[in-house]
Amino acid sequence: MKKGEAAAVAKTKTELREWISSGFTRVEDVAYVGLGLVLAVSALILLVFLALSLGEAIISANLPVKIVRLLDQSLLILMIVEILYTLQVSFREHTLVAEPFLIVGLIAAIRRVLILTAEFSKPAEIVEAAFRNVMLELGILTGLILTLVFSLFLLKRQHIASVDHA
């Protein structure tokens, strides 16, 4: 094979790789947009149901009983919005950013802690085995929350250090 032919074959392979890579990027963009739309619609629908449930609880003077469920729904909406933000960053920058995932994990862990503590707010009704399980879960969640906060702290510190050196 001559030098010119080899260069032409190499150029063709490079163009094919770029075309395939470009196709994958388009598929990735379509998937991000589709997921974003599904998450956005889900968040909006949940927000409407949350507002209706809150109004109903206020009108029926039943807010103290329903507050745990309303808080749970609110935190779920917050998690969906954070995931939507993560998709937006991934779509815009075509890179995976760890910080939004850590924030979603942190919200999920805090959500679970709040729900557990609210559900077991009447100690007289709790069986000893259930109490031990809840305490174990709360301990694990506390460790997870501390780990996620520390990870976020390290990421922020690394980001600040990289900005200072640039």
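Heavy-atom basis, side chains included; hydrogens, waters and symmetry copies ignored. Quick note: residue numbers are just sequence positions, from 1.
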*Asks:* What's the spacing between Leu138 CG and Phe131 CZ if we round to 0.5 Å?
*Replies:* 9.0 Å
*Asks:* Any side-chain to backbone donor/acceptor pair from Ser22 onto Glu18? Under 3.5 Å, distance only.
*Replies:* no
*Asks:* Could you give the distance from CD1 (Ile77) to CG (Leu84), rounded to the nearest 0.5 Å?
*Replies:*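 Nearest 0.5 Å value for the CD1-CG distance: 13.0 Å.
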*Asks:* Treat each ILVMFWY residue as a node, draw an edge where side-chain heavy atoms are under 4.5 Å apart, and state whether Phe150 and Leu144 are in one component.
*Replies:* no
*Asks:* Sequence neighbours excluded, which residues qualify as salt bridge (charged side-chain N to carboxylate O under 4.0 Å, His left out) partners of Asp72?
*Replies:* Arg111
*Asks:* Going through the distances and angles, do Glu99 and Leu152 end up as a side-chain contact (heavy atoms from CB on, under 4.5 Å)?
*Replies:* CA-CA 7 Å; Glu99 186 177 354; Leu152 284 165; 3.6 Å; yes
*Asks:* Closest heavy-atom contact between Ala43 and Val81?
*Replies:*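 Nearest pair, atom of Ala43 first, then Val81: CB-CG2, 4.5 Å.
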*Asks:* Start with the C-alpha gap between Ile45 and Phe49, add the side-chain angles, then the distance that decides, and say whether side-chain contact (heavy atoms from CB on, under 4.5 Å) holds.
*Replies:* CA-CA 6 Å; Ile45 290 172; Phe49 281 121; 3.4 Å; yes
*Asks:* Is it the case that over 12 heavy atoms from other parts of the model lie below 6.0 angstrom from the CZ atom of Arg92?
*Replies:* yes
*Asks:* Counting neighbours of OH on Tyr32 that are heavy atoms of other residues, nucleotides or ligands and sit closer than 6.0 Å, is the number greater than 12?
*Replies:* yes
*Asks:* If you apply the rule side-chain contact (heavy atoms from CB on, under 4.5 Å), what do you find for Trp19 with Glu15, and how did you get there?
*Replies:* CA-CA 6 Å; Trp19 181 80; Glu15 289 172 349; over 6 Å; no
*Asks:* Name the one of Ile110, Leu114, Leu116 that satisfies side-chain contact (heavy atoms from CB on, under 4.5 Å) with Arg112?
*Replies:*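 Single pass found, and it is Leu116.
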*Asks:* Is there a side-chain contact (heavy atoms from CB on, under 4.5 Å) between Asn62 and Val65 once you walk through the steps?
*Replies:* CA-CA 6 Å; Asn62 203 13; Val65 174; 3.2 Å; yes
*Asks:* Among Ile, Leu, Val, Met, Phe, Trp and Tyr joined by side-chain contacts under 4.5 Å, find the other residues sharing a cluster with Val38 and list them by chain and number.
*Replies:* none
*Asks:* Out of curiosity, Thr147 OG1 to Leu106 CG, how far, rounded to the nearest 0.5 Å?
*Replies:* 10.5 Å
*Asks:* To check you understand the geometry: which heavy-atom pair defines the closest contact between Leu87 and Gly36, and what is its length?
*Replies:*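 Leu87 and Gly36 have their closest heavy atoms at CD1-N, 3.7 Å.
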*Asks:* Side-chain heavy atoms under 4.5 angstrom apart, residues restricted to Ile, Leu, Val, Met, Phe, Trp, Tyr: same cluster for Val104 and Ile140?
*Replies:* no
*Asks:* Could you check whether any side-chain heavy atom of Leu70 comes within less than 4.5 Å of a side-chain heavy atom of Leu63, counting everything from C-beta outward?
*Replies:*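 Yes - at least one pair of side-chain heavy atoms lies under 4.5 Å apart.
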*Asks:* In terms of hydrophobic clusters joined by side-chain contacts under 4.5 Å, are Val33 and Ile83 together?
*Replies:*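 Yes: a chain of side-chain contacts under 4.5 Å links Val33 to Ile83.
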*Asks:* Would you give the length of the straight line joining atom CD1 of Ile20 to atom CZ of Arg17, rounded to the nearest 0.5 angstrom?
*Replies:*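 Reported to 0.5 Å precision, the distance equals 8.5 Å.
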*Asks:* Distance check, rounded to the nearest 0.5 Å: Gln73 atom CD versus Lys66 atom NZ?
*Replies:*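 Between Gln73 CD and Lys66 NZ, I get 10.0 Å after rounding to 0.5 Å.
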*Asks:* Is there a chain of hydrophobic side chains (I, L, V, M, F, W, Y, each step under 4.5 Å between heavy atoms) that links Leu155 to Val149?
*Replies:* yes
*Asks:* Supply the atom-to-atom distance Thr86 OG1 to Leu102 CG, rounded to the nearest 0.5 angstrom.
*Replies:* 9.5 Å
*Asks:* Minimum heavy-atom separation for Ser53 and Arg69, please, with both atom names.
*Replies:*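 Closest approach of Ser53 to Arg69: OG-NH1, 4.3 Å.
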*Asks:* Is there a continuous path of hydrophobic side-chain contacts, each under 4.5 Å between heavy atoms, that joins Val113 to Met135?
*Replies:*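 Yes, Val113 and Met135 fall within the same hydrophobic cluster.
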